[in-house]
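Down below is the structure, laid out as structure tokens.
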There are 2 protein chains.
Amino acid sequence: MSLLELQPSQRTIMTPGPVEVDPRVLRAMSTPIIGQFDYEFTTIMNETMERLRHVLQTNNHWSYPIDGTSRSGIEAVLCSLVESGDKILVPSFGRFGYLLTEIAERCGGEVRLIECEWGEVFDPEQVIKEMHRMKPKLVAMVHGETSTGRMQPLKEIGYACREMDCLFVVDAVATVGGTEVKTDEWYIDALITGTQKCISVPSGMAPITYNERVEKIILERKSIEKGLVSVTKSSNGKQNRRIRSNYFDLSQIQDYWSPARLNHHTEATTMLYALYEGLRIILEEGLEERIKRHQLHEKALVAGLKEMGMTLFGNDNCKLPMVTCINIPVGIDGEAVRSMLLDEFSIEIASSFGLLHGKIWRVGTMGYSARKKNVLQTLAGLEAVLLRHGVKVNLGAALQGALDIYAKEPVQSIKAIG
Amino acid sequence: MSLLELQPSQRTIMTPGPVEVDPRVLRAMSTPIIGQFDYEFTTIMNETMERLRHVLQTNNHWSYPIDGTSRSGIEAVLCSLVESGDKILVPSFGRFGYLLTEIAERCGGEVRLIECEWGEVFDPEQVIKEMHRMKPKLVAMVHGETSTGRMQPLKEIGYACREMDCLFVVDAVATVGGTEVKTDEWYIDALITGTQKCISVPSGMAPITYNERVEKIILERKSIEKGLVSVTKSSNGKQNRRIRSNYFDLSQIQDYWSPARLNHHTEATTMLYALYEGLRIILEEGLEERIKRHQLHEKALVAGLKEMGMTLFGNDNCKLPMVTCINIPVGIDGEAVRSMLLDEFSIEIASSFGLLHGKIWRVGTMGYSARKKNVLQTLAGLEAVLLRHGVKVNLGAALQGALDIYAKEPVQSIKAIG
């Protein structure tokens, strides 16, 4: 058996995640570890919670990562809240809406899925009308749908949920750290995000936050793990309401993140180091500056693509600012273009899922990947590869278009990622 | 808000996990990431599977990590196999046996828990007798129980399971990479391990392996995620047998680890880099050499502790070779000793759970922490701290006892971690 050294190529990653990791985060990940109950480590845990509250724009006490990839956070929230037969409404505008449906169903929920055309989002009134009709216990929605490149306005729906005493759960995996995500102001009861998108930390953690409305249900369903307590406790007569997962039982996980430090899992030390540093970078850059940076590089990319002669997929009024969907020109093999871009230029862009597979490419401008160098390289590479595939493009126009944007709006922040 | 730099102290970690990470693994973790569908990354995924097969001593095709901490692997295996009302036998000899019980119950299993005294293991005949009585679908057992420092012989039980067409699931989180774990030879159908113990990689991944007997059940329960396929498929009439978790659905995860690369989660890139390098280090050292190294440092530690005047907890015939449980001397506050060892010497040893809390300390000699330097420092530090707490110890004897062992059996391997 070969025992090859780890030596991947240096890629320019312009997908909707995972994206390039900030070098400061990579450096933090080479830090020797300490034990999970070491007071130095629990201090880092507490500080991470505080940093998360700022980035997630919330006063929620419970703001911590689930040790798993983004969908682990979604499952942790849903399986801790959804009980057998609960009515759940999922308004879906892309693939990740289906994922919410699938997870909620597996948790035992009776899910009502409403859909809108891919490339669009919902008029909030449409969702609210359905809420009034079915009176769900919980509404679960995606904020930024990377599969279609759209972003759903959430505040009106959140307000309606609070009025109807319905829980509002939001998958903000794609958007946190790249655009406004106002957990409290938008009446979001539980919010899930991921590390590998605009936070620019490797995949493997799912930061979540939730309020007292969520905690109340979780505590009602709480049971304590045998073997942790000296006296065996009865299961409180709540056997039937018991959360179906141990790993995703938020009532146990929050005890681990509380001063009690009741052992649940062994916190993923190095991933926590990465998140700790990744959040620090966001807060140093400043949320507002960071959002402006994401807007700038999106604008340059879009200008370049349009000058090149490409058309974009989806309704522009609800475009996700960190994902740009390009219509693949008729007759062109999208995968051949992607492969050539990777092989010749070491640049990765994404294909898509389901209905859109073969019809659009998706380009991400997220986190550390949202930099001038990356945008310009991608436009240059794409132009050359499209030419090789016989697509008629406006020669040289893409880079000029992007450079025009950068000339008008130079990267301001001294901390900015150039 | 403070935005402190990450700068944890350099600890000597002598707990039963998480343990010190090999510096080569830490270095690998600072490698820039690549995309999850990049052929360079899928090559790393395939090579990781191959390395795992060697370390887990199996020919099973399916050998890959679950993206979560160790118990995520246990839950993935159990929730993919256990269906509502299935009869499950859990012979438990410590805390982590209770965890198997708890997870199997939450998966809907009807669990029969049999227990033996903490500090002992089962006579295989006792387990087999119970199997004949109850005819379970599945037997789940811990191999190395870190809570009590005991190791269960598994081969006879495995053979009996195969004879009775019962599944045998083993939690080998503590033992893989530190002592013999023979998946195939011991008739283990599904085995789970963790990264943060003898593999010496940070916590956050749970390598698993399973055979065709397991795969058969998983495939019967398979459903495909909506939004991934162009044509909506019916759920195959198997709604009632559907695996209750999406994140832990092995039928979906194995598609992601197959040439189909059907998207499930976004593989935790940097943790996979770490595992890839951690397994490489194990295979370079050689499993046999590595096991000898663990035995040597355990022997030196035990000799030192006995010379010091300490007594050990549990039946010596089934001692877990990488965990040593010390009886806390009568009248001594175990937590005060641990704190002083950490504060003054930057050495961490562990307390215990449940019944044993306050009664024993647990010292790990696992993976990269199983080195001469660490063993000698721990003995020296413990002697000084015990003296400060008024315990009568044989002055200076511990280090001499350990040095005697090292003099007789010098660290042989040129690759050995000195």
Side-chain angles (χ1 to χ4, degrees), chain A residues 1 3 6 8-11 13 15 17-18 21 26-36 38 40 50 54 67-69 71-72 75 95 98 102-103 106 196 202-204 225-230 242 244-247 265-271 273 276-277 280 283-284 348 353-355, chain B residues 1 3 6 8-11 13 15 17-18 21 26-36 38 40 50 54 67-69 71-72 75 95 98 102-103 106 196 202-204 225-230 242 244-247 265-271 273 276-277 280 283-284 348 353-355:
Chain A
M1 182 184 49
L3 284 174
L6 178 72
S9 296
Q10 296 275 338
R11 301 296 200 201
I13 312 181
T15 66
V21 175
L26 292 175
R27 195 177 64 202
M29 295 186 86
S30 67
T31 308
I33 75 155
I34 54 179
Q36 64 172 329
D38 192 319
E40 290 192 12
E50 183 61 16
H54 281 81
D67 284 1
T69 67
R71 67 174 61 194
S72 77
E75 187 158 323
R95 177 202 165 181
Y98 291 152
E102 154 138 352
I103 295 174
R106 293 202 191 203
Q196 80 281 10
S203 169
E225 203 175 305
K226 199 176 172 184
L228 273 185
V229 282
S230 321
R242 194 179 188 186
R244 284 183 179 179
S245 167
N246 169 279
Y247 194 69
H265 59 285
T266 299
E267 186 57 16
T269 318
T270 302
M271 281 302 302
Y273 286 180
Y276 182 83
E277 182 67 5
R280 181 167 170 250
L283 295 169
E284 280 180 1
E348 191 186 15
F353 304 102
L355 299 169
Chain B
M1 183 183 48
L3 285 174
L6 178 71
S9 296
Q10 295 276 337
R11 300 297 198 201
I13 312 182
T15 66
V21 175
L26 293 176
R27 197 178 61 203
M29 296 187 87
S30 67
T31 307
I33 75 156
I34 54 179
Q36 65 172 329
D38 192 319
E40 290 192 12
E50 183 61 16
H54 282 80
D67 285 0
T69 68
R71 67 174 61 194
S72 77
E75 188 158 322
R95 178 203 163 177
Y98 291 151
E102 155 139 351
I103 294 175
R106 294 202 191 202
Q196 79 282 11
S203 169
E225 204 176 304
K226 197 176 173 183
L228 273 185
V229 283
S230 320
R242 193 179 189 186
R244 284 183 180 181
S245 168
N246 168 279
Y247 194 70
H265 58 286
T266 299
E267 186 56 16
T269 320
T270 301
M271 281 302 300
Y273 286 178
Y276 182 84
E277 181 68 5
R280 182 167 169 250
L283 295 168
E284 280 180 0
E348 191 186 15
F353 303 103
L355 299 169

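Letters go in sequence order (proteins before strands), and every chain restarts at 1.
- How far OG of A:S203 is from CE of B:M271: 11.0 Å, rounded to the nearest 0.5 Å.
- Both the backbone and the side chain of A:Y273 come within less than 4.5 Å of a heavy atom in chain B.
- Both the backbone and the side chain of B:M29 come within contact range of chain A, judged by heavy atoms closer than 4.5 Å.
- With respect to chain A, the highest number of heavy-atom pairs below 4.5 Å among B:T266, B:N246, B:I33, B:T270 belongs to B:N246.
- Your options are B:G17, B:G204, B:S30, B:A28, and the one with the most heavy-atom pairs under 4.5 Å with chain A is B:S30.
- Here A:R71 is the residue among A:Q196, A:R71, A:E267 with the most heavy-atom pairs under 4.5 Å with chain B.
- Ranked by heavy-atom pairs under 4.5 Å with chain A, the first of B:D67, B:I34, B:L6 is B:L6.
- Of the listed residues A:E277, A:H54, A:R280, the one with more heavy-atom pairs under 4.5 angstrom with chain B than any other is A:R280.
- When all heavy atoms of A:E348 and B:D38 are compared, the closest pair comes out as OE2-N, 4.2 Å.
- No side-chain donor-acceptor contact under 3.5 Å links A:Y247 to the backbone of B:G68.
- When each of A:E75, A:R106, A:R244 is checked for a side-chain hydrogen bond (donor to acceptor under 3.5 Å, both in side chains) with B:S245, only A:E75 meets the rule.
- Closest approach of B:P18 and A:G35 over heavy atoms only: CG-CA, 4.3 Å.
- Both the backbone and the side chain of B:E50 have a heavy atom closer than 4.5 Å to some heavy atom of chain A.
- Looking at A:E102 and B:R242, a side-chain N of the basic residue comes within less than 4.0 Å of a carboxylate O on the acidic one, giving a salt bridge.
- With contacts defined as side-chain heavy-atom distances shorter than 4.5 Å, the pair A:P32/B:Q10 qualifies.
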